[in-house]
Amino acid sequence: MSLDFRQGAEGAYPLMLQDINYAVRWLKANAARYGIDPNRVALSGNSTGGHTAMLAAMRPDDQRYGMLKLPAEMEEFDATVRCVVMLWPVINPIGRYLRAKALVGTEGAPEWAEPTVACHDNFWVSEANMTEASPTQMLGRGEEVTLPPALWIRATGDDVHDYANRETGRPESEEFVARYRAAGGEIELITFEAPMMFTTAYPTMPESIAALDQIVDFVERWTR
């Protein structure tokens with residue numbers, strides 16, 4: 001199911017998460033209509049979609065995210081999922097925001113820095129929200145969260161999504177994986193020697209096909 005949800009300023013946090021939470025519950029409630037198993041629902045997303053997929057999965061019972069109500073006869077269904085697939089997620093939005101902000105106006109600043117700051121300001125509104133809804137920070141705070149099996153696909157040289165964590169200095173992907181495992185979650189990190197966002201930008205290249213095969217294998221394994 002391809003989810004349609006509010007984005008940018010229109011979907012400012014936590015509105016997008018409300019849409020995703022509702023969509024998971026709606027899909028489960030309408031499973032018979034589509035001939036699917038409501039107990040075998042997973043989430044996947046790229047970039048911001050990867051972050052929000054993980055965030056929604058970690059907080060399926062968050063009252064703020066569950067604000068949109070289904071009809072009474074469908075309310076038995078929750079927003080938990082069996083597993084999550086992330087492709088280069090913005091897993092620690094406060095980290096990326098502060099990094100982009102520091103780059104703006106400097107010599108040789110990358111083109112993505114200034115628009116990234118604007119996008120974060122529109123969606124998150126405040127640094128406090130970026131920190132509160134960062135899965136990396138949530139784990140660092142010891143927040144009680146749900147930890148479904150997860151897969152992270154990354155590309156080499158992707159400094160837009162996988163840069164050094166400001167606290168530890170290691171890549172955000174490796175920092176999150178370490179914290180997720182320390183909290184008791186199962187997560188796989190697979191790296192491809194490929195351009196940034198390669199599965200969508202170059203869908204026919206061998207690495208893209210291999211990545212999609214890995215995703216299918218992972219989801220089939222955890223939704224049996």
Side-chain angles (χ1 to χ4, degrees), residues 1-27 41-60 62 64-66 68 79-97 100 112 115-116 118-125 129-130 132-138 145-155 158-163 172-173 176-177 180 187-192 194-203 208 211-212 214-216 218-219 222-223:
M1 177 181 181
S2 179
L3 305 187
D4 190 14
F5 45 76
R6 290 167 286 180
Q7 300 183 51
E10 182 188 49
Y13 181 76
L15 299 180
M16 183 192 285
L17 273 299
Q18 292 176 2
D19 294 345
I20 296 170
N21 182 287
Y22 179 89
V24 172
R25 289 180 285 120
W26 185 94
L27 182 60
V41 174
L43 277 173
S44 176
N46 304 342
S47 192
T48 294
H51 162 248
T52 49
M54 190 77 255
L55 180 56
M58 291 174 74
R59 290 175 170 170
D62 191 298
R64 298 166 302 166
Y65 301 172
L68 303 179
T80 58
V81 294
R82 290 286 290 275
C83 62
V84 179
V85 174
M86 302 174 286
L87 292 87
W88 40 91
V90 186
I91 203 67
N92 187 22
I94 183 61
R96 186 168 82 156
Y97 177 75
W112 56 261
T116 292
C119 287
H120 277 245
D121 285 336
N122 284 332
F123 178 75
W124 291 107
V125 181
N129 282 341
M130 298 179 209
E132 187 275 331
S134 162
T136 303
Q137 300 294 327
M138 288 155 55
V145 294
T146 301
L147 299 171
L151 171 65
W152 182 316
I153 300 288
R154 68 174 176 179
D158 184 359
D159 69 338
V160 176
H161 300 93
D162 198 16
Y163 38 84
E172 289 284 8
S173 56
F176 181 75
V177 166
Y180 205 78
I187 185 168
E188 299 176 30
L189 175 63
I190 302 178
T191 305
F192 286 89
M196 183 177 68
M197 298 191 287
F198 63 102
T199 61
T200 50
Y202 309 98
S208 299
L212 294 174
Q214 292 275 8
I215 291 169
V216 170
F218 176 84
V219 173
W222 287 108
T223 57

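By convention here, the first residue in the shown sequence is residue 1.
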Participant: Search all heavy atoms of Pro89 against all heavy atoms of Gly50 and return the closest pair with its distance.
Facilitator: CB-C, 3.6 Å
Participant: Measuring only between side-chain heavy atoms, which start at C-beta, is Leu3 closer than 4.5 Å to Ile20?
Facilitator: yes
Participant: Using atom types as modelled and distance alone, determine if a side-chain donor or acceptor of Asn21 lies under 3.5 Å from a backbone N or O of Ala79.
Facilitator: no
Participant: Quick check for you: to the nearest 0.5 Å, what is the distance between Arg59 atom CZ and Thr146 atom OG1?
Facilitator: 11.0 Å
Participant: Are the side chains of Thr223 and Cys83 in touch, meaning some heavy atoms are under 4.5 Å apart?
Facilitator: yes
Participant: Is any side-chain heavy atom of Met1 closer than 4.5 Å to a side-chain heavy atom of Val41?
Facilitator: no
Participant: Can you tell me how far the CG atom of Leu17 sits from the NE2 atom of His51, to the nearest 0.5 Å?
Facilitator: 7.5 Å
Participant: From Leu68 CG over to Trp26 CH2, what is the distance, rounded to the nearest 0.5 angstrom?
Facilitator: 14.0 Å
Participant: Spell out, as yes or no, whether a donor-acceptor pair under 3.5 Å connects the side chain of Asn122 to the backbone of Ala12.
Facilitator: no
Participant: Quick one: CG on Leu87 to OG on Ser44, what's the gap to the nearest 0.5 Å?
Facilitator: 5.5 Å
Participant: If I compare all heavy atoms of Ala211 with all of Thr199, which pair ends up nearest, and what's the gap?
Facilitator: CB-CG2, 3.9 Å
Participant: Side chains of Met197 and Trp88: does their closest heavy-atom pair fall under 4.5 Å?
Facilitator: yes
Participant: Please report the closest heavy-atom contact between Ala194 and Ala155, naming both atoms and the distance.
Facilitator: O-CB, 3.4 Å
Participant: Do Met86 and Trp152 have side chains that get closer than 4.5 Å, going by heavy atoms?
Facilitator: yes
Participant: First locate atom OG1 of Thr200, then atom CG of Asn46, and finally report the distance between them rounded to the nearest 0.5 Å.
Facilitator: 6.0 Å
Participant: Hey, are the side chains of Ile153 and Phe198 touching, using non-hydrogen atoms and a 4.5 Å cut-off?
Facilitator: yes
Participant: Which heavy atom of Ser173 sits nearest a heavy atom of Arg154, and at what distance?
Facilitator: OG-NH1, 2.7 Å
Participant: Using 0.5 Å steps for rounding, measure from the CZ atom of Arg96 to the SG atom of Cys119.
Facilitator: 8.0 Å
Participant: Please tell me if the side chains of Pro149 and Phe218 come closer than 4.5 Å, counting only heavy atoms from C-beta onward.
Facilitator: yes
Participant: Between His161 and Ser47, which heavy-atom pair has the shortest distance, and what is it?
Facilitator: NE2-OG, 2.9 Å
Participant: Are the side chain of Gln7 and the backbone of Met16 linked by a donor-acceptor contact shorter than 3.5 Å?
Facilitator: no
Participant: Closest heavy-atom contact between Phe123 and Gly11?
Facilitator: CE1-O, 3.1 Å
Participant: In terms of relative ring orientation, are Tyr65 and Tyr13 parallel, tilted or perpendicular, with 30° and 60° separating the classes?
Facilitator: perpendicular
Participant: In the structure I gave you, are the side-chain heavy atoms of Asn92 and Phe176 within less than 4.5 Å of one another anywhere?
Facilitator: no
